[in-house]
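Note that the coordinates shown come from a computational prediction; the quantities given were computed from them, not determined experimentally. All heavy atoms count here, side chains included; hydrogens, waters and symmetry mates do not.
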Amino acid sequence: MNGGKFRVGLIQMRSSCTPAQNIDAAAKMIGKAKNGGADYVLTPEMTNIYESSRERLFASIMPEENDPTLATLRELARTLGIHVHLGSLAVKASLDKAANRSFLIDRRGEIVARYDKIHLFDVDLKGGESYRESRSYRPGELGVVCDLPWGRLGLTICYDLRFPALYRALAEAGATFLAIPSAFTRQTGEVHWHVLMRARAIENGSFVFAAAQGGDHENGRSTFGHSLVVDPWGRVIAEGGIEPGVIFADVDPAEVATARGRIPSLQHGRRFEILEPMAEPAHLHLVGGEA
């Protein structure tokens with residue numbers, strides 16, 4: 001599938017703990033993206049709420065069918081006639097667990113794909129910064145691809161970025177675009193954000209779309225920003241800063257075939273097994289002459 005060139009609009013946000021504020025901010029920027037010619041718009045992880053307290057989170061979020069952000073932005077996608085990809089929303093999945101769920105909405109306002117974040121961020125960083133996403137969220141179990149008019153999209157979220165096998169599986173399933181909406185920490189983003197995004201693009205000969213949260217949030221967290229579009233050869237073709245805004249990039253899907261033709265690693269991948277370790281490495285035997 002290749003429907004010709006199209007324009008991507010990445011929405012960079014600084015989501016608060018109040019969903020109503022975030023709905024308003026996202027809707028305004030999606031409108032700006034449409035006015036700027038975007039055909040596909042991606043918002044970041046945690047578009048509807050960026051809340052670190054489990055208690056306050058569950059007091060604010062709704063099941064998918066009652067979520068006001070999803071309802072509002074579905075209608076906006078229909079009104080504007082564009083594809084709106086909600087990078088993720090926190091939605092109530094059960095009495096004690098939420099889902100970190102991505103929604104791809106088509107031009108009619110219909111949900112055409114859902115993806116629940118597979119890899120949950122349970123990490124202790126220097127300076128006492130700690131994250132335990134699994135306390136509040138349940139992990140997804142399925143990789144998801146969905147067809148856009150211009151090619152096939154693989155859906156992922158933030159910490160998934162560090163697990164390249166997921167992206168290879170999506171590429172092998174036909175994904176030519178990889179969505180990685182994020183709320184990357186400032187600490188890790190400063191050293192890993194660009195190199196990992198470029199690596200996922202290069203390894204799979206795919207475009208990467210990464211809308212991000214950026215700046216100092218009211219819950220005390222700091223996110224890295226720098227929303228990115230990376231081409232299949234690993235070149236950054238659009239980048240945001242720290243402040244909220246819309247980042248545009250013109251995308252030519254034909255570049256995927258060109259990159260994969262130059263380095264056809266998707267065709268060269270092989271399945272393999274790992275040998276059980278030997279008692280002593282073979283290269284240590286008879287080194288330098290007689291034993």
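- For A26, the side-chain contact (heavy atoms from CB on, under 4.5 Å) partners are M13, T47, L73, not counting sequence neighbours.
- With K117 as reference, C158 is the one residue of P181, C158, S102 to meet the side chain to side chain contact (heavy atoms under 4.5 Å, CB included) rule.
- The side-chain contact (heavy atoms from CB on, under 4.5 Å) test applied to D106 returns H83, R108, E110, V112, not counting sequence neighbours.
- Note on residues 81-95: no pairs pass salt bridge (charged side-chain N to carboxylate O under 4.0 Å, His left out), not counting sequence neighbours.
- Screening residues 203-212 for salt bridge (charged side-chain N to carboxylate O under 4.0 Å, His left out) gives R200-E203 as the qualifying pairs, with residues at least two apart or on separate chains.
- In this structure P139 satisfies the side-chain contact (heavy atoms from CB on, under 4.5 Å) test together with L120, sequence neighbours excluded.
- Pairs passing the salt bridge (charged side-chain N to carboxylate O under 4.0 Å, His left out) check and including a residue from residues 259-270, sequence neighbours excluded, do not occur.
- With a 4.5 Å cut-off between side-chain heavy atoms of Ile, Leu, Val, Met, Phe, Trp and Tyr, the cluster of F272 takes in I274.
- Contacts of E190 classified as salt bridge (charged side-chain N to carboxylate O under 4.0 Å, His left out), with partners at least two apart in sequence or in another chain: none.
- Residues satisfying the side-chain contact (heavy atoms from CB on, under 4.5 Å) test with R56, not counting sequence neighbours, are E51, S53.
- Judged as a side chain to side chain donor-acceptor pair (under 3.5 Å), and not counting sequence neighbours, Q267 has no contacts.
- Listed by chain and number, the hydrophobic cluster partners of M62 come to none, as no ILVMFWY side chain reaches under 4.5 Å of it.
- By the salt bridge (charged side-chain N to carboxylate O under 4.0 Å, His left out) test, R107 pairs with no residue at all, sequence neighbours left out.
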